[in-house]
Each structure stands twice: as C-alpha cells, then as structure tokens.
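Taking it in order: structure first as structure tokens, then the write-up.
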4 protein chains.
Amino acid sequence: MKTIFNKTRVEAFSDGIFAIIITLLVLEIKVPHLENHAAAGALSTALFELFPKFISWIISFFTVAVIWVNHHKLFKQFRQLDHGIFWWNALLLLWTSFIPFPTAVMGDYPGNITSVVLYGSVMALMAMSFTLMRWYVLRNPDLLEGTTDIRSFRKGTFLSLIFGPLLYLAGIALSLIHPYVSFAIFLAIPVYFIFAENES
Amino acid sequence: MKTIFNKTRVEAFSDGIFAIIITLLVLEIKVPHLENHAAAGALSTALFELFPKFISWIISFFTVAVIWVNHHKLFKQFRQLDHGIFWWNALLLLWTSFIPFPTAVMGDYPGNITSVVLYGSVMALMAMSFTLMRWYVLRNPDLLEGTTDIRSFRKGTFLSLIFGPLLYLAGIALSLIHPYVSFAIFLAIPVYFIFAENES
Amino acid sequence: MKTIFNKTRVEAFSDGIFAIIITLLVLEIKVPHLENHAAAGALSTALFELFPKFISWIISFFTVAVIWVNHHKLFKQFRQLDHGIFWWNALLLLWTSFIPFPTAVMGDYPGNITSVVLYGSVMALMAMSFTLMRWYVLRNPDLLEGTTDIRSFRKGTFLSLIFGPLLYLAGIALSLIHPYVSFAIFLAIPVYFIFAENES
Amino acid sequence: MKTIFNKTRVEAFSDGIFAIIITLLVLEIKVPHLENHAAAGALSTALFELFPKFISWIISFFTVAVIWVNHHKLFKQFRQLDHGIFWWNALLLLWTSFIPFPTAVMGDYPGNITSVVLYGSVMALMAMSFTLMRWYVLRNPDLLEGTTDIRSFRKGTFLSLIFGPLLYLAGIALSLIHPYVSFAIFLAIPVYFIFAENES
C-alpha cells in the first residue's frame, strides 16, 4: 500500500524549515570586540570590516526567499504527495538547511576561491534537488493536479536545470576571473527570479 | 499570467520568521564566566553588569511584537497577494530578521553613538518597508479587500511614514544630546503602539 | 473601534515561540573540549561533569511543555482576542522566551543562590503573567466562550496565583536550606501539572 | 473530566520542534579559523577536516526526517489526544530535541567509543518513546481511529521495538569492533526507513 502524505503538513514542515534558515543566517554575523567601548569611530570601522558578511547574508537571504517562492509554485501543482516526492523534498531541505554554513564561510573568506566553490556547489546541489523532484513527478504524472499542463511542466523542468545547477556551476567557473564575479552571479540568480516573475 | 500567492502560507511564513526572531534575541545574552562558581555576590554583580543587554533585549522584543501586530492588521486588509507585495514583504522580513544584530551591538556598546545610529537605521529601514508595501498597494488597489476604505488606508500610509522611519531618524538625531535619549525614543515607539491601539 | 485579533494566528505565533524556546534550551549545553580525542574515559568524565546542565535543561523542558498545555487550555476558553489580551499574552511570551538564559545560568552555577533567585524570579514572573491575563479576562467577561463557567474560571485564576508565582517564591525561600531544595521544587511544579491533569 | 487536546495544535507544535531541530543541526559545524584568509588550499584542507561533522550532521538530518515521517504516520491513526498521549509525545520531543548535542559530540570525537554510546543511547531512548506511546494507545484503544486495524497496530508496535531501541543497542554493541561500524548502523536505520516504505 502506498503512503499518501498530508500535503498541508509537509508544506508547513518545509515552510518552518525555510523560515528558520532565513532567520538563522544573521546569527553568523558576530558583534565585534573592542577594548574601548565608547569609541564611536572604532566601532564604525569594525562594523565596516563586516561588509563581506553583510553581502553574503543578503545573497543567501534572497536565495532562500526565492527557494520558498519556487517551492510554493511547485507544490501548488501537486495533487498529492507520495513517499518518493517526500524524500526528494527532504533532499532539497537537506541542502537548503546547510546554507548557513557556506554563507558563513563566504563571509569569513570572501576573496578565497574555496569559498566560491563551496557556496556554488551547495547551491547547485540545492537547485538540482528541485530538478530531481520535477523529474520524479514527470515519471509519476498522477501526482500532478489535473489542471497542470504536462508540456509546460516538462519545459519548466528543463529550465530549472539551466537556471539552477548549470548557472551555479558557471558562477563557480567564473571565479577564475575573480571570486567577486562569482558572487555577482550568485546574487544575480535570486534577483533574476525576483524580477522575472516566471510561471512554470 | 500573474502569480497569486496563497495568503495563508505567506502569513504563516512571516509569522514563523517573527516568532523565531523574537526568540533568538535572548541568545545574545551570554552567561557570565566566573572563577568561583559558588560566589553568590560575584554572580549577582556580573548579572547586573548585563543590564544594558536586558534593556536592549526588551526594547527589541516589544518592537518585534509591534511589527507582528502591524503586519497582522495590514494583511487583514489585503484581498490577495501578488508577486510585488510578496517581495515588499520579503524586504520587511529582511530588515526584521536583521534586528538581533543591532540589538546585540547596542547591548555590548550602550553608550556608543555608532550603536544608536546602527539600531535606529535598521529600525527606520524596517519601518520604511511597511510604508513602501502600503504605497505599492495604493497603486494596485485591486489587492485590497472590498471593505477597505481607501482614504483611511492612504491616511494610515502617511502616518506609517511619520510614526516609523521619521521617528527613528529623530531618535538617531537626539543621540547628540545623549545616546540614552535615543534608546528612550526607541523604547517609546513600541510602547506608543501598545497603548494607542490605533486602527489604520 | 476595538481591534479583534485572529485567534488562530495568535495561537500559531505563541506555539511557534514555545516550540523554538523548548528546542533552543539544548543549545546551552556545549560539547566539552579535550586534548586527546580518542580517550573514551576522559570524554565520559567530561560528560558527567555536565550533569547540572542536563538537570536544568530537563526542568526547563517540562516547564515550557506545561506552559504550552496551560496556554492551550486557557485559550480554548477564549471566544475572541482583543488588544489587551494580546499584550498580556505578549508579556507571558516575554518571560517564557527569557527562560533559556536562567536555565543556562543554573546549569553553570548549580550551587549558587543567585542562580536560584534568578531562575525562580523569572518563573514567578512568567506564572504571574498567566494570572494577570486571567484577571484581565475576568474584568472583560465578553472575551470568554459562552460555555465557560465564570465561577470555576475565577477559582482557576486564584489557583493559578498559588500554584504559580507563590510556589516559585516559596522555592526561592527554600534555598536558605540548600539551593538543591529549590531545584527540587522547580522540578516538582511541572511534574505536578503533568500528573494532576487539572482542568480549570 | 478528561482533557482532550486539539490534535492539529499538538501536531503543529511537534512539527515546529522537528523543523527547528533539523535546522539547528548545521549550527554545530563551525567555520574554521585560518591566519591567511586568501589561501584556497589551506581552507580546503580545513574544510576536509570537518568531514566527521558533515557525516554526523547527515545521519542526524535523515534520522529526524524519519522521526517526522513515523510521527506523521502514527498520528494519522489517532482519533483524539488525551492527557497521557500528550505527555508520551512530550517524552519523544524531549529526546528528539536533545539530538543536536550527541550529534555535535559525535562530530567532534568520531573515533571515541563514548560518542557512540551517547549517540546510540539518545536514539534508543527516542525510539523507545515511540514504542511507549504505542503501548499507551493499545491500552486505550478508544484513542484510535475507527478504521485502524488493532492487530496490525499491535504488530507495528512490536516492530517499533525491534527496528528502534533494540537496533540502536545493537549498534552500540558493535562499537566493540570499531566505532565506525556503529555509525554505519546509525546511518543504515534511517536509510532503511527511507527505502522500505513500511506501513504500520
């Protein structure tokens, strides 16, 4: 007998995880320690030195917000959730819940190519989980809502491969020019999703 | 085709983030380290030295609670959520989720003007996100519930600019007298909302 | 015009905060640092030294679970939530969200009377918030469900004063005998609620 | 009069706790500190040294996901929740919320038998809580949905004892061969649940 999951509870569980991750990101930014507690200039300087941490926090914040939007759009197309889709979703949650770590590494080592490779790889794996979940559903089309257009869902799956793992891998490759080029790509990906309003 | 978001899921996602932030605030208050574990007097003294941290925690706790109330009142007036309103809401969540950092800085450097400027600026940006979300809705009035009075919504938007970003900027300016005057303003703003019971 | 809050959203917000606090408690127990990573005996010894932290974690875990149960029982009796009840509830959430701090202090300084006074005082203030919320509702009985028996609600309010703030204050006073007597009281209070199954 | 809990609120409270725990696990992986911030090779090496932490994180991530699935399947069979079932569920939440600690210990001391015993014991206690909750329900069968087959529920309870506490105790015993054998068992248990799709 196949297990059917309660879609509302799986969505609430996933939403809870997304909400916690997006909020935990800021915990990686630590208050600087100064000897002279009254020195306004020294505190300003110390805060400006945290600039790479603020940038990596903002990139990850908008990335997780875009994950939420794409998850929301995808799940709206599902009629019901079986065992398989639950575990492909768990894989997505695994990589998403890992995001605070590469974000913190990128904030601490902004000019280091290893940071770029780590950050881009985790994001590529996260984005790949979306594509894998879509492939699974294409092989089990009875999981989709009756109103879903299979051809446009297949096209969306193909696009999720390009505007996801492949773009993140391209971002990693561009670190050969400069790590900051990669970061610009990593920021551009969620910004594209925010302004494109793509329906798939 | 325009994306329509599930209002209940966006509210639950936002509520989750507010609940996490309000709870994380206390994590910034660290247990003091003492050599003599049995000395009751030394522990009392060490706890009293954390006084500025308790104050900044309480200010931020009530500020986030007021954000929740104002968010709740605002969303009650929305009929549906489109792509634009989702991202203005995400901007509000960005600044709100950042609050634990300036709270911790203010607790560590209570008499430092840089703390005041940082805390007040983050709060002004958070409050400004409310005003921007309202402006967006005023330009897209089909997003409002049919029962909403547009004139009173426009007035509420104007008031949200004054009792929000402008008051926080005034609070920053008053640090020229003394940083503690600013903190009094930052505490007075949520206290005003608690006792005013304004409907807008 | 009086504000009426959406009871489901206030409950979900409160439940979210309770769930986060009960989970954060364990973060205060830090992994011990040893030079020799393979020494099983040294690691066992270091873990046994964390015993007071495990005890204070368990006391606070069951206390927060009892808070959830009592909150759940109380809110079932409310017909609707107004501005006042929201802020009395926020006061309860304030003290509840503070619990990780006195728990960590008690775990670090188990034999120190200051820990006892801090822990007991925070719990007394949290419990007092329940009593204050009940008093507010007694003065605004239109907030109660029609099926609620006012006399039994008044009796429950009186009992909440005794089996709450007064018992915690008694626990503090008993630290004059020994701090561990106080901890036994602080543990006995939630255990009483678990086994008593009191309906009020 | 017996207390009847709102099943939806208890499920939401439990789901919230599961979502928070699964997300907190990654916080135990700390960013390595290097003198030379630009050295890509040194950062790679430092990240590879975190390998045991990544493994223990993944084991615990999938374990908590399996707990969620088993909790979801079990609660679907409950008609209503009384005082007793709430507190057996609270015991499950206690041990589940403790998981970040043994996970961090295992990541820091991967070859240490004490880590194995701690991790396996906490998991055995967590799994035992499932069995105890099932036993309680078997003694109070009016709590089950009318559609539940008591014989298959009894069989599932018996299996939960074997594929739970007993398997974890076996995992601990196998550390006599090598701690890594135990870790393989601790990973195999959730993997078994992921691929077995057992209905009980």
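Chain identifiers are assigned alphabetically (A, B, ...) following the order of the sequence lines, protein sequences preceding nucleic acid strands; residue numbering begins at 1 within each chain. Values below: every heavy atom of this structure, side chains too, minus hydrogens, waters and symmetry copies. Worth saying up front: this structure is predicted, and the values here are computed from it rather than measured.
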Which residues in residues 5-27 of chain C have any heavy atom lying under 4.5 Å from a heavy atom of chain B? C/F5, C/N6, C/R9, C/V10, C/F13, C/G16, C/I17, C/I20, C/I21, C/L24
Counting heavy-atom pairs under 4.5 Å with chain B, which one of C/L94, C/I113, C/D108, C/L93 comes out on top? C/L94
Distance col, row C/W87:CH2 vs B/F62:CZ, nearest 0.5 angstrom, shows 7.0 Å
Look up atom CD1 in B/I58 and atom CZ in C/F98, then write down how far apart they are to the nearest 0.5 Å. 8.0 Å
With side chains defined as the heavy atoms from C-beta onward, is the minimum distance between C/F101 and B/W57 less than 4.5 Å? no
For B/F195, is there any backbone N or O sitting under 3.5 Å from a side-chain donor or acceptor partner on C/H83? no
Region of C/S115 that comes under 4.5 Å of a non-hydrogen atom in chain B: both
What's the verdict on side-chain contact (heavy atoms from CB on, under 4.5 Å) for B/L43 and C/V105, showing C-alpha distance, side-chain angles and the deciding distance? CA-CA 9 Å; B/L43 184 55; C/V105 171; 4.2 Å; yes
Over all atoms of both residues, closest heavy-atom pair of C/Y109 and B/P32: OH-O, 2.5 Å
Residue, of B/G41, B/A40, B/A42, that accumulates the most heavy atom pairs under 4.5 Å with chain C: B/A40
With only heavy atoms counted, which part of B/A38 is less than 4.5 Å from chain C, the side chain, the backbone, both or neither? backbone
Region of B/V64 that comes under 4.5 Å of a non-hydrogen atom in chain C: neither
